[in-house]
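A short worksheet on the structure shown next.
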Protein chains: 2
Amino acid sequence: MMDADQTISDRIQEKLDDMTRAERQLALSILENYPASGLGPLAALAKGANVSVPTVARMVQKLGYKGYPEFQANLRDELGAIAKGPIAKHETWAEAAPSEHILNRFTEAVIENIRSTLAHIEPDAFDKACDLVADQNRHLYIVGGRITHTLAEYLFLHMQVIRPNLTHVQSTSNTWPHYLLNAQDGDVFVVFDVRRYENNTLKLAEMARARGATIVLFTDQWRSPVHRLADISLSSRIIVPSAWDSAATTMLLVESMISAVQILNWEKTKDRMEELEDIFDNTKLFRKFT
Amino acid sequence: MMDADQTISDRIQEKLDDMTRAERQLALSILENYPASGLGPLAALAKGANVSVPTVARMVQKLGYKGYPEFQANLRDELGAIAKGPIAKHETWAEAAPSEHILNRFTEAVIENIRSTLAHIEPDAFDKACDLVADQNRHLYIVGGRITHTLAEYLFLHMQVIRPNLTHVQSTSNTWPHYLLNAQDGDVFVVFDVRRYENNTLKLAEMARARGATIVLFTDQWRSPVHRLADISLSSRIIVPSAWDSAATTMLLVESMISAVQILNWEKTKDRMEELEDIFDNTKLFRKFT
DNA sequence: ACAATTGTGAAAAATTTATCACAGCCGGAG
DNA sequence: CTCCGGCTGTGATAAATTTTTCACAATTGT
């Protein structure tokens, strides 16, 4: 009947596919902080998952327990069993995998990158960069290279919703000189240039600079040559156990910037976002649920 | 008043000397199977320690708690904190900035996302996904949506170097049905679909499935509806203090996959990479030195 | 529009907690 | 040896909390 060797976590994950929205919401909430959240009162669990009390009661029974207390008892037993085994510390990230697994090694490197990047960053510079990017009076150019244009576009896509008056430039394309014709004093260039620094990007930055534009640079720890032209440089550590460099940390900075700019521009943005919602509704581009 | 950094275990051990017989008996029983035994009903704890109910009630109050429920609540909190591990405890990441600074709050959220994602991922599924993506006999289609096409392209750009026989499809474009004409049994679709799941992406996945293709899905913790069609789903936690969701964790998985596939295909890739180097040299796209 | 899912509010049932008074026990002091 | 004082268990009970269940309304997807 009930598989004894199976943890409640396993059992929940297994049924995750057959669950309805509220149930899944609840299930994920339980797994989120496992097993602590399941050991409190039923009502607290429901509240934490933003689900109604009956939903919890119903699901517990669907999972095969006579009632919530029985469910808790099993969780406690499980907990007791764990404690006796190896120490439950997070030695590895993906616990089911050995620590030499690429997932764990890679993750460890990324965490280290983040730590190091954040330790060296100047919050003032970051804030200034955000102010510049948020300023709707300045035209915003976002520039990426061969690989980094994906980051540039990620920033561009979000900025497009937050503010008007911006352009995405791909420095590897041969059309970029056209964009520069319109650049003027006071405009802002957000430039991405990481290892394997690109000549085109440098040239573009030089010309932008010559036209009196302000340059915000996302680069790596060794810094693109563009940094000499940049008013603000934000560098990330990008080392991972791979033949390639990691963009994950730069992505984190970019997303933080998006969030910060969003907040700075919230009043102006609100309407734009609502309009966007309407358009999405009309085009049925997105699904509402499940 | 109450030392916050002290675990209940510490606190009990500290007072162990000043305790009476029954209390000590109870205390040792709690520590015996810590913290599981303390999370059950009071009566069960009393029975387990061979002491009376009032003894437990009395001691809990002596330890400084208003009542048994409060004691339990603290135990649960402690348990939750342990599970998060040492890295998540970081007070501030950018030390020069206050902990309320967006950089710190954002980073903390991303770290938590990474932790939670890695804790729930199935390494076997990940490995299988990498094998599929590395298999050069299968045509590889990489599919992204409105925002996620940047991730898709990031994967595509790297895969392009590592292996031949692949296509980048943007599900929001209206040209994707053309690509499907060529899809056949055994081909692999890597699909990106995160919150604000897109109808086009779902349709595309359905058709791919109908044509006998294998689907690897990158999604969020709530899972795109595509996951029912997918052979392998890799879900990331994407919650950050922002109006938007975070792609940083998904990026980490993608980069791990790139690294893993790179290793699997190293023999075959080596030549391709050298060729690429030559081309880059000839086009002088990159700078040799700073 | 229909069927399934979920939330609301409430009430009843069950369990758990907190106390109390009292009796028994134990060790040590006299 | 006896008495004393503190500790502990018993059994009972009241209070508080928690669980369980209901009927019905609201929501949402098909």
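- Taking the side chain of A/V53 as heavy atoms from C-beta on, and the options D/dG9, C/dT6, D/dT20, the nearest nucleotide is D/dT20.
- D/dG11 atom P lies 13 Å from atom NZ of B/K47, rounded to whole Å.
- A donor-acceptor contact closer than 3.5 angstrom is absent between the side chains of B/H139 and B/Q184.
- The residue among B/R58 and B/K66 whose nearest nucleotide of DNA chain C lies closer to the 5′ end is B/K66.
- Atom CE of B/M59 and atom C1' of D/dC7 are 15 Å apart (whole Å).
- Distance, A/E70 CD to C/dT15 P: 13 Å, rounded to whole Å.
- There is no side-chain donor-acceptor pair under 3.5 Å between B/T219 and B/S224.
- Atom P of nucleotide C/dT5 and atom CG of A/L26 are separated by 16 Å, given to the nearest angstrom.
- Note: CE (B/M19) to C1' (D/dT8) measures 16 Å, nearest angstrom.
- Residue A/Q61 has a polar side-chain atom (N or O) positioned under 4.0 Å from OP1 or OP2 of D/dT21.
- Residue A/T55 has its side chain nearest to C/dT6 when only D/dT19, D/dG9, C/dT6 are considered.
- A/R21 and A/Q25 share a side-chain donor-acceptor pair at under 3.5 Å.
- Ranking D/dT21, C/dT19, C/dT17 by closeness to the A/P54 side chain, first place goes to D/dT21.
- Minimum atom distance to the side chain of B/S52 is reached by D/dT10, of the listed D/dT10, C/dT17, D/dT21.
- Counting non-hydrogen atoms under 4.0 angstrom, B/V51 reaches the backbone sugars and phosphates but no base.
- Toward the 5′ end of DNA chain D lies the nearest nucleotide of B/A22, the other residue of the pair B/A22 and B/P69 mapping further downstream.
- Counted by atom type alone, B/T175 and B/S173 present one or more donor-acceptor pairs between their side chains at under 3.5 Å.
- In this structure, B/L39 atom CG and D/dT18 atom P are separated by 15 Å, rounded to whole Å.
- Rounded to an integer number of Å, the gap from CG of B/L42 to C1' of D/dA16 is 14 Å.
- The side chain of B/T20 places an N or O atom within less than 4.0 Å of a non-bridging phosphate oxygen (OP1 or OP2) of D/dT8.
- The listed nucleotides are C/dT6, D/dT21, C/dA18; the one nearest the side chain of A/A57 is D/dT21.
- A/L45 has its CG atom 10 Å from the P atom of D/dT19, to the nearest Å.
- Judged purely by distance below 3.5 Å, without hydrogens or angles, the side chains of B/T150 and A/E153 never pair a donor atom with an acceptor atom.
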